[in-house]
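Note that this is a predicted model, so its numbers are computed, not measured. Proteins get letters first, then strands, A, B, ... in listed order; numbering begins at 1 in each.
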Amino acid sequence: MISSFSLSSVHIPPLPKPNQIQRKNWKSSSSPTETLTPTPKDLLDNFNTVFELKQLHSYIIKTNKDYSILLVTRIASICALSPSFDYARTIFRRVEKNETFIWNSYLKTYAESESPINAIRFFYRLRQSNLCPDTFTCSFVLKACSILLDLHNGRIVHGLVLKLGYQSDLFLQNTIVHMYAKGGAINDARKLFEKMPRRDSVTWNILITQLTKLNEIDKAQELFDQMPDKSVRSWMAMIAGYVQCGKPKEAVKLFKQMEEAGESPNEVTVVAVLAACAYLGTLDLGRHIHEYLDKCGFRKNVRMCNTLIDMYIKCGCLESARSVFDEMEERTIVSWSAMIGGLAMHGEGEESLKLFSKMTRIGIRPNDVTFVGLLHACSHMGLIAEGREFFTSMRLLSEAHEFIKNMPIKANGVVWGALLGGCRVHKNIELAEEAIKHLQVLDPRNDGYYVVLSNIYAEKGRWEETTRKTPGWSTVTVNGEVHEFVDGDGNHPQAEEIYQKRDELLTQMKPRGYIPNTKVVLLYMDGEENKVQVLYRHSEKLAIMFGLMKTPPGTTIRIMKNLRVCEDCHSSFKLISDIIDREIVVRDRNRFHCFKNGLCSCRDYW
DNA sequence: GTAGGGTTAG
């Protein structure tokens with residue numbers, strides 16, 4: 001709110017010192033908004049700026065220059081949120097403009113403040129004073145209702161709009177549709193939408209966006225197909241919607257369609273499609289979009305850079321992520337957390353901790369996501385102590401446990417989840433069970449944690465306690481196209497060729513010491529041979545065979561997996577990288593593995 | 001002076 005008003009944009013000589021400010025017979029009077037006392041936070045946030053605004057205002061008066069009503073009402077409405085109510089009223093009384101306009105600007109400021117509830121309170125006060133609301137008054141209070149998800153007051157204002165005969169105002173109609181849709185009454189929004197005599201692209205976009213937020217992506221697509229004049233923001237709503245609904249492939253497809261339709265992407269579509277690239281691990285497209293941004297001279301804002309960092313990290317390009325991070329003019333905690341977590345994910349534990357201390361040195365407060373990244377980094381620091389692995393790892397785990405217990409913020413499910421991941425590495429059942437106890441309370445619907453626990457039990461030979469495993473899938477990008485494989489996939493059109501390639505490689509792997517590691521097969525299953533068959537059909541193995549078949553020798557193969565890579569696949573990939581002399585990059589649920597010349601960048605520690 | 005959007009973990 002205040003940040004949008006910049007003193008530096010007004011050409012003025014040095015401001016007078018506080019004691020030089022001349023107050024010209026300005027009487028104080030009681031304000032009608034006394035009950036709208038700002039919160040202590042408002043006061044803290046605004047104090048200095050309000051003071052500066054008063055200085056500016058006094059300068060305007062002293063020099064008797066023409067000033068815009070907008071500028072002065074802006075000063076007044078900012079003062080109205082601070083202790084300077086009287087000051088604001090004094091300004092308003094001196095401005096010749098219709099009264100409703102003035103109160104509307106108050107209302108707008110309240111609606112956009114940190115406590116939009118003040119806009120609703122203020123609106124009722126205006127009603128009591130018999131001031132007739134105009135369409136602007138209604139739209140500002142409806143905005144506050146949307147932000148607060150306040151359907152009750154929203155309905156009351158809607159009633160008033162009808163009573164005052166404003167129902168044909170398209171702006172207001174859209175605001176009302178938005179209020180209902182966002183507030184959880186999508187059916188009411190839809191009914192209103194159907195009845196509207198006139199709609200514009202905003203009307204459609206509102207419904208499309210809110211449907212995607214409800215995971216109703218098919219209904220959103222239906223509306224999108226029906227709408228007459230699609231704007232960039234319509235494409236944007238759908239593309240971002242597909243990403244949010246966990247359908248990145250569709251998002252990328254739509255992005256390409258948008259380009260074919262001759263529409264240029266805007267900042268938000270770019271962010272959404274970069275997020276899709278991050279999810280899919282499609283480095284080519286991600287890089288292409290980055291180049292496009294540079295070519296078109298897009299203004300790179302923080303969110304866009306954050307998404308670029310995330311995309312590069314998840315596509316395995318730590319260096320590019322780092323250079324985006326280093327070149328940023330302004331960074332938020334999201335930027336720092338993404339980079340800290342990214343370094344950890346790539347096994348750069350020390351660098352990750354270094355960046356963390358740099359961040360805290362300049363006074364940026366970490367959040368829960370930063371801690372998750374740090375925990376990952378800590379778990380990779382165990383590399384240093386390879387020789388003393390057992391003791392070190394025990395100490396590391398208990399340190400992580402202490403760390404969580406003493407964290408300045410309450411640990412959430414993700415933090416305990418990270419500790420659980422550590423327990424999996426170090427096969428510590430007792431601590432894992434404690435983590436699970438917390439997770440049952442903090443994140444009861446997430447069954448992914450039980451998969452990890454079952455892994456720990458399975459590897460410790462406690463079969464009776466293992467549960468069913470989430471199906472694993474892997475993808476591999478070939479010529480810019482993403483191919484997906486699921487565990488045990490026998491239905492792939494080229495299954496036969498894939499299995500042939502696998503057997504061919506197995507004959508080369510076995511003389512080099514490859515022995516199928518069936519202890520990672522979690523399902524309770526009779527017969528060693530059956531277990532071996534399950535192992536051979538792991539999705540990442542199928543993906544790599546497909547990649548080998550479809551790409552020229554020497555090309556790096558990039559695989560993305562939804563779960564952790566299993567130990568058998570890990571040791572197979574090391575051998576394969578040596579046999580075929582190629583680099584294989586695997587992104588699993590936790591981190592990256594870069595296989596080269598028979599070794600993995602994680603040094604078998606993950 | 002009014003309406004619609006995007007980022008980090010799991």
Legend entry - Salt-bridge criterion met for A:Arg322 and A:Glu351 (N-O under 4.0 Å):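 Salt bridge present between A:Arg322 and A:Glu351.
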Rounded to whole angstrom units, what separation is found between the [atom1] atom of [X] and the [atom2] atom of [N]?
X	N	atom1	atom2	answer
A:Arg199	B:dA3	CZ	P	21 Å
A:Glu112	B:dG1	CD	P	13 Å
A:Asn367	B:dT7	CG	P	15 Å
A:Ile289	B:dT7	CD1	C1'	15 Å
A:Arg591	B:dA9	CZ	P	16 Å
A:Glu267	B:dG4	CD	C1'	16 Å
A:Gln173	B:dT2	CD	C1'	14 Å
A:Asp200	B:dT2	CG	P	16 Å

Legend entry - Pair A:Trp204 and A:Phe224, ring centroids less than 6.0 Å apart: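 A:Trp204 vs A:Phe224: aromatic centres not under 6.0 Å.
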Would you confirm whether [X], through its side chain, and [Y], through its main-chain N or O, come within 3.5 Å as a donor-acceptor pair?
X	Y	result
A:Arg233	A:Val202	no
A:Ser337	A:Val334	no
A:Gln173	A:Gln167	yes
A:Arg589	A:Asn562	yes
A:Lys182	A:Ser146	yes
A:Lys143	A:Lys108	no

Inset, instruction - Determine, for A:Tyr279 and A:Lys314, whether the Lys NZ or Arg CZ falls below 6.0 Å from the six-membered ring centre while staying within 45 degrees of the axis. - result: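 No - A:Lys314 does not lie over the ring of A:Tyr279 by the 6.0 Å and 45° rule.
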Inset, instruction - Using only side-chain N and O atoms of A:Lys143, determine if any of them is under 4.0 Å from OP1 or OP2 of B:dT2. - result: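 For B:dT2, neither OP1 nor OP2 has a side-chain N or O of A:Lys143 closer than 4.0 Å.
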What I want to check is whether the side chains of [X] and [Y] have a donor and an acceptor closer together than 3.5 Å.
X	Y	value
A:Asn118	A:Arg121	yes
A:Ser234	A:Ser231	yes
A:Asp200	A:Thr203	yes
A:Thr307	A:Asp310	no

Legend entry - Close side-chain approach of A:Thr269 and A:Glu263, heavy atoms under 4.5 Å: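 A side-chain contact under 4.5 Å is absent here.
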Residue-level proximity of [range] to DNA chain B when a heavy atom falls under 4.0 Å:
range	answer
residues 300-307 of chain A	A:Asn301, A:Arg303, A:Asn306, A:Thr307
residues 321-342 of chain A	A:Val334, A:Ser337
residues 203-223 of chain A	A:Asn205, A:Ile206, A:Thr209, A:Gln210, A:Lys213
residues 177-193 of chain A	A:His178
residues 226-236 of chain A	A:Ser231, A:Arg233, A:Met236

What contact category does [X] fall into here, base, sugar-phosphate, or nothing, at under 4.0 angstrom with non-hydrogen atoms?
X	result
A:Asn104	base
A:Ser201	base
A:Gln244	sugar-phosphate

Legend entry - Among A:His593, A:Arg564, A:Lys561, the one residue meeting side chain to side chain donor-acceptor pair (under 3.5 Å) with A:Asp588: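 The side chain to side chain donor-acceptor pair (under 3.5 Å) with A:Asp588 is passed solely by A:His593 among A:His593, A:Arg564, A:Lys561.
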Taking only distance into account, with no hydrogens and no angle test, what donor-acceptor pairs under 3.5 Å do side-chain atoms of residues 235-257 of chain A form with protein atoms, sequence neighbours excluded?
residue: A:Tyr242; atom: OH; partner: A:Gln221; partner atom: OE1; Å: 2.7

Inset, instruction - May I ask whether A:Phe136 stacks on the base of B:dG1, given the cut-offs of 5.5 Å between ring centres and 30° between planes? - result: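 Stacked: centres under 5.5 Å apart, planes under 30°.
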Inset, instruction - Check the angle between the aromatic planes of A:Trp336 and A:Phe325 and answer parallel, tilted or perpendicular using the 30° and 60° thresholds. - result: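 A:Trp336 vs A:Phe325 ring planes: perpendicular.
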